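Have a look at the structure below, then the notes.
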Amino acid sequence: MRNYKLVIVSNRLPVNVIRKDGKLEFEPSSGGLATAMSSLSQADKVWVGWPGIASDDLSDDERQTIVTELEKHDCHPVFLTRKQVELFYEGYSNDTLWPLFHYFQSLTHHKIEYWDAYIEVNQAFAQAASELAASDGSVWVHDYHLMMVPGELRKIAPRLTIGFFLHIPFPSFEIYRLLPQRKELLEGLLGADLIGFHIYDYARHFMSSCLRLLGLANHRGVIEYDGRLIKTDAYPISIDYQKFQAALGKSETKKAMSALKQQYKDSKIIVSVDRLDYSKGIPERLEAFRMLLQHYPKWQGKVRLVMVAVPSRTEVKTYQELRDTIEQTVSRINGEFGTVDWMPISYQFQNRPFEEVVALYAMADVALVTPIRDGMNLVAKEYVASKQGRSGVLILSEMTGAIDELPEALSINPSNTESVANAMNEALIMGKREQQRRLGDMQRRLKTYTVQVWSSDFMSDLEAAAEIRDGRHRKQMTLIDQNNLKMAYANASSRLIILDYDGTLKDFVPSPRALLARPSLRLRRILKRLSADNRNHLAIVSGRPKKALERWFRGLNITLVAEHGAWTRYEGKWSKVDSDFNHVKKQLKPILEKYASRTAGAEVEEKDYSLVWHYRNVVPELAYVRANELKRELVHAVNDEEVGVFSGEKVVEIKPIDINKGHAVDELSGMYPSEFILAAGDDYTDEDMFHTLPRESYTIKVGTGRTKARHQLRSVTDITRLLEELSQQ
Ligand code: GDG
């Protein structure tokens, strides 16, 4: 199979396959996304998606025909069975994710068979994309149907550059958490290098869910996960501005415009265009129009609502019911207000040709765009773009992503029927100059940030994100690095091995208490073997109190450094630094306790030479606020220049400045001069030791993030394995 530099993955292809009179037909559809993708500079690209016809309805020959024919359009099909379409597309995508992500909790159905099919289909998409992507290529995955694809792809091809864009809102954590598969979906998305949303609010919701559900914090939109950096950002999708401008000059559009003029003569036109979907607020819009006629009777006989509703997801029951409700409401209002020569609402449940839609936009005095929720809403932008030299007013729901870029629209809350009716009246009486001023401002913005700019922006950020990811890998220890280290170890006649404990030899446990954090039998065995070799000197350098270290490493010939260097046990005897910390503790402990008692999950730990405020069990956002408040208060309260307030891994710590691991390892390397030095640690306190040790030492940071260490290893498991291999030499 041929390999491509760019693979675009979306549920549907820009070419639709249908069966007409028993024969297969291929209909190219020129949606916004297709235009955006075709404008991308990468010539070498392919589009992966479902061709729109169930595989049960196809013979083997027909499938082959589809593959061959689609290849001519740079497309590649993923075939789905009727059952998969039902459970994956109508089910999990549109009966679970779509309603929930649009805050329609009561319309959301959770069924395990939906999820099973979703995973299965996402895996099939990932497999197809991986087979088509060049090894140095990029894959751009689109929308809520395929949220597991980035993760699945990453499993198959770890070095691939993967982008994901969500076209619908990402809901707030309080809604998102209702989803049974909430963690899996986040992890699926985090397989990407770049995750794009329409607006910053959706990105913010996503990051907050990552924090609350996976404990992953972000730094200016960048999340660290699985040893990679993932960027999240807002890329507001737009329209092919030029296409709308050009359409206005076409004869079909002009013809349609004259027909509309003829048909609606002296009436003002209010237009609404959408897919027939409950998120678009169509029944609410009709009620608002009814209220306009009732509260402002002067408009009776003078205004028409032209409503185009494109059939969508017609197999799903909720959509059938919605269609009935809309039709009944239209009839009711037309019955109530209509006269022999004036029908208030013209309702069309069908897809109109593009030029007719543009003509309608161009002729309409008002566009009424009132979704209850909408990721972006392109209709609003299209209306503005179709108003070249003409006047018109856009009424736009504040629940759409588009409102951020179109603040000159009359913004409404779609649930406030009265305010929507008032906005319609305001729009109908607005002066032409005011209309044009508002349109002009919006047009200037839309003209510059087109859908073409949107897609190239995303792609260049994707390339940059992949570079950051690769940059961060530079210090990752390769097998060659590890072999070099093992060789240096084998050849050395004296070795000093300095190890931090929590986060380095032991993964963090839910509570800082000693019982849970004690070393495993395997770890003790490794340390025992290493310390038994008389060429080795082994030291554990930890922030833990001396009692815990003493208990955990009893019977082993290891130097122990406790409380970051405040206490040291050489040859079985403890000695401590010459410093008095009691007066500081007495003064500051009540402050820490005050903050702990009003913050559920926080704990205070008192050591001889430090006070620690632990917040690993506090709700993350609260922890962040409280830790910052606490630090501010402590910095003010500390009146001793020798004492510092430090932020560590889910802790705020107060300790004497000159007690640090740097001093401790300086002393150690002086006492045990060695040909080979290995030091491993994971957090900011260990950076002091990496910095202090001689350059030729093997310093290893466990985990990701910036470091002064020479090398990095991903996890406790990785460093444990390396130590085990050394112990077996
Ligand atoms: C999803 C998100 C996000 C409609 N009727 C006809 C017709 N249309 C075209 C419009 C417009 C498109 O359909 C609808 O786009 P929207 O953005 O308004 O809404 P969704 O379909 O729900 O799209 C949405 C979008 O993805 C992109 O990311 O903005 O928030 O829900 O382009 O013009 N086109 C023609 N005849 C019609 O009768 N030819």
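This structure is a prediction, so every number in the text was calculated from the model and none was measured. Both counts, for ligands and for their atoms, begin at 1 and track the order of listing.
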For [X] and ligand 1, answer yes if some heavy atom of the residue is under 4.0 Å from a ligand atom, otherwise no.
X	result
V308	yes
H198	yes
Y361	yes

Are W115 and Y92 an aromatic pair, judged by ring center distance below 6.0 Å? yes
So, for Y278 and F104, is the gap between ring centers shorter than 6.0 Å?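 Yes, ring centres under 6.0 Å apart.
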Ligand 1 and [X], any nitrogen or oxygen pair closer than 3.5 angstrom?
X	value
M376	yes
V357	no
L378	yes
N351	yes
W98	no

With a 6.0 Å cut-off (strictly less than), is the heavy-atom count around CD of Q105, excluding the residue itself, greater than 12? no
Would you mind finding which of E382, R352, R275 brings a heavy atom closest to atom 36 (N) of ligand 1? R352
Nearest non-hydrogen contact with atom 19 (O) of ligand 1 belongs to which option: H102, K381, K280, H142?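 Among H102, K381, K280, H142, the closest heavy atom to atom 19 (O) of ligand 1 belongs to K280.
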In sequence, state the C-alpha distance, the side-chain angles, and the governing distance for F206 and F197, and then conclude on ring-ring contact (aromatic ring centres under 6.0 Å, His included). CA-CA 9 Å; F206 170 74; F197 301 89; 5.4 Å; yes
What atoms of ligand 1 come closer than 4.0 angstrom to any heavy atom of [X]?
X	result
V310	4 (C), 5 (N), 6 (C), 37 (C), 38 (O)
D374	2 (C), 24 (C), 30 (O), 31 (O)
V273	4 (C), 5 (N)
G375	30 (O)
F354	39 (N)

Give a yes/no verdict on a cation-pi contact between [X] and [Y], requiring under 6.0 Å between NZ or CZ and the six-membered ring centre and an angle within 45° of the axis.
X	Y	value
K387	F244	no
R313	W98	yes
R182	Y176	no

Partner of E408 under salt bridge (Lys or Arg N to Asp or Glu O under 4.0 Å), picked from R445, R438, R444, R437, is R445
Between D277 and ligand 1, which part of the residue brings a heavy atom under 4.0 Å of the ligand: side chain, backbone, both or neither? neither
For residues T450 and Q452, is any side-chain donor paired with an opposing acceptor at under 3.5 Å? yes
Report the C-alpha distance between R323 and D277 in whole Å, list the side-chain angles of each, state the deciding distance to 0.1 Å, and finish with yes or no for salt bridge (charged side-chain N to carboxylate O under 4.0 Å, His left out). CA-CA 9 Å; R323 183 185 166 187; D277 193 287; over 6 Å; no
